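Written out below as structure tokens is the structure these notes cover.
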Amino acid sequence: MAVDYQPPQCLSRPIEVPSKLLMGAGPSNAAENVLKAGSLPLLGHLHTEFTQIMDDVKQGIQYAFQTTNTLTLAISGTGHAGMEAALCNLIERNDVVLIGINGIWGERAADMANRQGADVQTVTKVAGENFSLADIEAALLQHKPAVLFLAQGESSTGVVQPIEGFGALCTKHNCLLLVDTVASLGGEPFYMDRWQVDVVYTGSQKVLGAPPGTAPISFGPRAVAKIAGRKTPISSFYFDMNWLGNYWGCDSQPRKYHHTAPISSIYALREALALLANEGLENSWNRHRQSRDRLISGLAKLNLKPLASEPANRLTCITAIQVPDGVDWKSVTTHAMSMRVEIAGGLGPTAGRIWRVGLMGQNATDERVDRVLEVLAESIKSATAPVTVMGRL
């Protein structure tokens, strides 16, 4: 029987993927052994050998988050999936949720919480600033939320949010603390248990340096109790931590089928976590800080300024750079891409105002910092050079 449509011609050609230096806001370049792990033979999603790899991944995530939480696993999805999984498990309709907004990730969290039927309240800062304990305590007293959301690494503005002290504050006010570390984990110090963080998630494709598609997440005892005490079912079957926790071996019951995990992505995540464990968190934090400082020094020589004017507010992993007057930001990123180097533009509230340079994982080295500075300088020069028309300026 004849088909109605013929095979697409594009699929008759081999795939072609250029090699680029990914110095934007993510993904970052992956190490060779991480990429090789993703090409290992497939296993079944409940094969003994694969569940052992899942157990390895759990331990690696616990180390990265600095926690002993039992309900620790990797969501099959990107960092957005981690955000949505955290919110839909914690929120019941009309729960008051307080969102710290100083960039796009607070905006996204507020959007998702609204979709869960929450009573969403916000506390805001302008791009380039973060929240103090006093800012948050005032909002907690005013709104009395069940959940507080903060992004440790606000990648749209290049700002780091201090987390120490906020967990104790939330405990005092009977509120759960949810932290987004997608753009910071592995590059900024983070202590889930010590800082009394109730839920944290991250993404695989930034400092961890694995392909996008998995989102490590961990729930502390107070968050687990909130889930257990729900009066209504979790709105998403796919993100239901009762099912996912069982599939990941986080309870005492035999593992049951929930979904087919992204087998190859879990292999790659395991190897990325192994790289972090072998380097050591303290060494990774120091390497990223040193790379950020080298970048800031280089930017000063180019008369370029970070968006975050206060040095203590600057994220190690992603630096937001103010676009100078008279420079077309897009021309600069386009020229850089022609040199096989990615430099990102702004996102959300900073679109058109900044460039973003990511120093994450394999890309947090002196050599790559120097290369991105060289490309940025040349690209700005190209964007501001006089145009010759018909032989005359």
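Quantities reported herein were computed from a predicted structural model and do not represent experimental measurements. Worth knowing before you read on, the calculation uses all heavy atoms, side chains too, and leaves out hydrogens, waters and symmetry mates.
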Per-pair distances, 0.1 Å, donor-acceptor, side chain in residues 100-110, under 3.5 Å, sequence neighbours excluded:
unit_1: Asn102; atom_1: ND2; unit_2: Glu129; atom_2: O; d: 2.8
unit_1: Trp105; atom_1: NE1; unit_2: Ser155; atom_2: OG; d: 2.7
unit_1: Arg108; atom_1: NH1; unit_2: His80; atom_2: NE2; d: 2.7

| field | Ser28 side chain vs Lys206 backbone, donor-acceptor pair below 3.5 Å | value | yes
Could you list the donor-acceptor pairs under 3.5 angstrom formed between side-chain atoms of residues 133-146 and any protein atom two or more places apart in sequence or on another chain?
unit_1: Asp135; atom_1: OD1; unit_2: Ser132; atom_2: OG; d: 3.4
unit_1: Asp135; atom_1: OD2; unit_2: Lys125; atom_2: NZ; d: 3.2
unit_1: Asp135; atom_1: OD2; unit_2: Ser132; atom_2: N; d: 2.9
unit_1: Asp135; atom_1: OD2; unit_2: Ser132; atom_2: OG; d: 3.0
unit_1: Glu137; atom_1: OE2; unit_2: Lys172; atom_2: NZ; d: 3.0
unit_1: Glu137; atom_1: OE2; unit_2: His173; atom_2: NE2; d: 3.0
unit_1: Lys144; atom_1: NZ; unit_2: Leu141; atom_2: O; d: 2.9

| message | When you compare the side chain of Gln62 with that of Gln59, does any pair of heavy atoms fall below 4.5 Å? | response | yes
| Salt bridge between Lys381 and Glu378, side-chain N to carboxylate O under 4.0 Å? | no
| Close side-chain approach of Thr51 and Trp248, heavy atoms under 4.5 Å | no
| query | Is the gap between the ring centers of Phe166 and Trp195 under 6.0 Å? | reply | no
| request: For residues Ala312 and Val160, report the shortest heavy-atom separation together with the two atoms involved. | output: O-CG1, 3.6 Å
| query | Between Gln322 and Pro306, is there a donor-acceptor pair closer than 3.5 Å when you use the side chain of the first and the backbone of the second? | reply | yes
| Are the side chains of Thr319 and Arg356 in touch, meaning some heavy atoms are under 4.5 Å apart? | no
| Closest heavy-atom pair and its distance - Arg13, Gln9 | NH1-O, 3.8 Å
| field | Any side-chain heavy-atom pair of Gln6 and Val3 under 4.5 Å | value | yes
Side-chain donor/acceptor pairs under 3.5 Å, residues 36-45, sequence neighbours excluded:
unit_1: Ser39; atom_1: OG; unit_2: Lys36; atom_2: O; d: 2.7

| task | Quickly, which of Asn363, Leu295, Leu21 forms a side-chain contact (heavy atoms from CB on, under 4.5 Å) with Val372? Name it, please. | result | Leu295
| query | Can you find a side-chain donor-acceptor pair between Ser379 and His335 that sits under 3.5 Å? | reply | yes
| Any side-chain heavy atom of Asn29 within less than 4.5 Å of one from Met360? | no
| Taking the side chain from Glu279 and the backbone from Leu276, do they hold a donor-acceptor pair closer than 3.5 Å? | no
| query | Is any side-chain N of the basic residue among Arg255 and Asp55 closer than 4.0 Å to the acidic one's carboxylate O? | reply | yes
